[in-house]
Amino acid sequence: MSHEKRTLEFYVLAAFFILFVLFLYGPLSAILILSFQGPDGGLTFPLNGVSVHWFYNLFEKQAVGDFGASFRRSFSLGLMVMVVTVVVSLLAGLAFRRRFRGATLLFYATVASLVVPSIIISLGIGVVFQQGGLKPAWYSSAFGAHLTWTLPFGVLIMFAVFNRFSPAYEEAARDLGASSWQTFVHVALPMIAPSLIGVGLFGFTLSYDEFARTLMTSGSYNTLPLEIYGMTTNVTTPVLYALGTVTTLFSFTIILVALGIMMLLRGRQAKTS
């Protein structure tokens, strides 16, 4: 049995992929290993003992930084952004299925924030709030700043979903006497549900780790990315690595849960089809 000879392009792409994986997961691996330093360990190799001391220390009162409160703020903000992103992206996708006056202008206005530097948007929103006599806060100004980042992605995803969505299913449901609402709830929504979960996951993760658009808009209380950044100049123990490990595992857990839900929905669709 003869095997086809690999071309030079294959080895070049394979080498590039290996470098990409090393560049992506190498720093994460270093942080993961260093987070298990012993009680007398430092911020660099080699390890001075192995323990989970810094994970316990993470949940104790810190001289610098407030992990718990900043995590709750980031998590709450991420959920708020996720819900609004899913709802608005869905409504936008439904609206753009039909042509209407000003659709092109509205589309470009929606995605324009993707090409504007994030720090400029953060600065602009912060200035507007201050000039308007409003106090910037993570639940108001930062919330709006994050939506300028997540909504364009959510809208673009839903456009792609509905461009591949056949209206024949909806027409068949209406022919059988279903109302517009019943057609949407019982036909369209189950079919696009995995995509909506993807939009929600995307919106949550973009908000959860957003730094630049939060910098000038969070007010007096930091979100987790700002708290971590502030601690990099003050904390000199591996507790910072322990925090990085915990937040990374949390992010992967969210992704796995979302993938599990999507697989469950697709399995149900396959049984009913």
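Note that the coordinates shown come from a computational prediction; the quantities given were computed from them, not determined experimentally.
In this structure, Phe153 and Trp149 have perpendicular ring planes: the angle between them is above 60°, well past the 30° mark. The aromatic rings of Phe250 and Phe71 sit perpendicular to each other, their planes meeting at more than 60°, with 30° as the lower class boundary.
Across all their heavy atoms, Ala92 and Val155 have their closest contact at CB-CG2, 4.1 Å. Heavy atoms only, all atoms of each residue included: Ala145 and Arg213 are closest at CB-O, 3.3 Å. The two residues Ser74 and Pro225 come nearest to each other via the heavy atoms OG-CD, 3.6 Å. Taking all atoms of both residues into account, the shortest heavy-atom contact from Pro136 to Thr217 is CB-O, 3.8 Å. In plain terms, the two heavy atoms of Arg174 and Thr183 that are nearest each other are CG-OG1, 3.7 Å. The two residues Phe129 and Lys135 make their nearest non-hydrogen contact at CD2-O, 4.3 Å.
The closest donor-acceptor contact from the side chain of Ser207 to the backbone of Phe204 lies at 3.5 Å or more, if one exists at all. Between the side chain of Ser122 and the main chain of Ser118, no donor-acceptor pair closer than 3.5 Å is present. In this structure, Ser113 contributes its side chain and Thr148 its backbone to a donor-acceptor pair below 3.5 Å. For Thr205 (side chain) and Phe202 (main-chain N/O), a donor-acceptor pair under 3.5 Å exists by modelled atom type.
One hydrophobic cluster holds both Ile157 and Leu94 under the rule that ILVMFWY side chains link at heavy-atom gaps under 4.5 Å. A continuous path of hydrophobic side-chain contacts links Trp181 to Val187 [ILVMFWY only; heavy atoms under 4.5 Å]. Tracing side-chain contacts under 4.5 Å through hydrophobic residues (I, L, V, M, F, W, Y), one never reaches Leu249 starting from Tyr25; they form parts of separate clusters. Placement of Met158 and Val185 within a single hydrophobic cluster is found when ILVMFWY residues are connected by side-chain heavy-atom separations under 4.5 Å, directly or transitively. At a threshold of 4.5 Å between side-chain heavy atoms, the hydrophobic network of Ile, Leu, Val, Met, Phe, Trp and Tyr places Leu196 and Leu206 in one connected group.
Residues Val199 and Leu90 fail the side-chain proximity criterion, which asks for heavy atoms closer than 4.5 Å. Annotation: side chain of Ile119 is in contact with side chain of Leu215 (closest heavy-atom distance under 4.5 Å). Proximity of Gln37 to Asn48: side-chain heavy atoms (C-beta onward) are separated by under 4.5 Å at one or more points. At a threshold of 4.5 Å between non-hydrogen side-chain atoms, the residues Arg97 and Pro167 count as touching. The shortest distance between side-chain heavy atoms of Val84 and Phe143 falls below 4.5 Å. You'll find the side chain of Tyr139 stays beyond 4.5 Å of the side chain of Leu77, heavy atoms only. Considering only heavy atoms from C-beta on, Val83 stays 4.5 Å or farther from Leu79 through its side chain.
With values rounded to the nearest 0.5 angstrom, Ser179 atom OG is found 12.0 Å from Phe184 atom CZ. Between the CD1 atom in Ile18 and the CG atom in Leu13 there is a gap of 11.5 Å [rounded to 0.5 Å]. Remark: Phe23 CZ to Leu28 CG distance equals 11.0 Å, nearest 0.5 Å. Interatomic distance, OG1 of Thr223 versus CG of Asp209, reported as 10.0 Å (0.5 Å rounding). Separating the CD1 atom in Ile121 from the CG atom in Leu114 is a distance of 8.0 Å, to the nearest 0.5 Å. One distance of note links CD1 of Ile120 with CD1 of Ile125; it measures 12.0 Å at 0.5 Å rounding.
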Next on the checklist: Go through it in stages, so that I can follow the logic: the residues are Ser140 and Leu134, the test is side chain to side chain contact (heavy atoms under 4.5 Å, CB included), and I'd like the CA-CA distance, side-chain angles, deciding distance and then a yes or no.
Outcome noted: CA-CA 10 Å; Ser140 56; Leu134 300 174; over 6 Å; no

Checklist entry - Can you list the steps and then say if Met82 with Tyr208 is a side chain to side chain contact (heavy atoms under 4.5 Å, CB included)? => result CA-CA 10 Å; Met82 178 186 71; Tyr208 180 73; over 6 Å; no

Checklist entry - Yes or no on side chain to side chain contact (heavy atoms under 4.5 Å, CB included) for Thr214 and His146, after CA distance, side-chain angles and deciding distance? => result CA-CA 8 Å; Thr214 318; His146 284 203; 2.7 Å; yes

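For the residue pair Thr150 / Thr85, a side-chain donor-acceptor distance below 3.5 Å is found, with atom types taken as modelled. For the residue pair Ser35 / Thr245, a side-chain donor-acceptor distance below 3.5 Å is found, with atom types taken as modelled.
Within 6.0 Å of the OH atom in Tyr221, the count of heavy atoms belonging to other residues, nucleotides or ligands does not exceed 12.
In this structure, Phe162 has its ring center no closer than 6.0 Å to that of Phe96. Aromatic pair Phe36/Tyr241: ring centres not closer than 6.0 Å.
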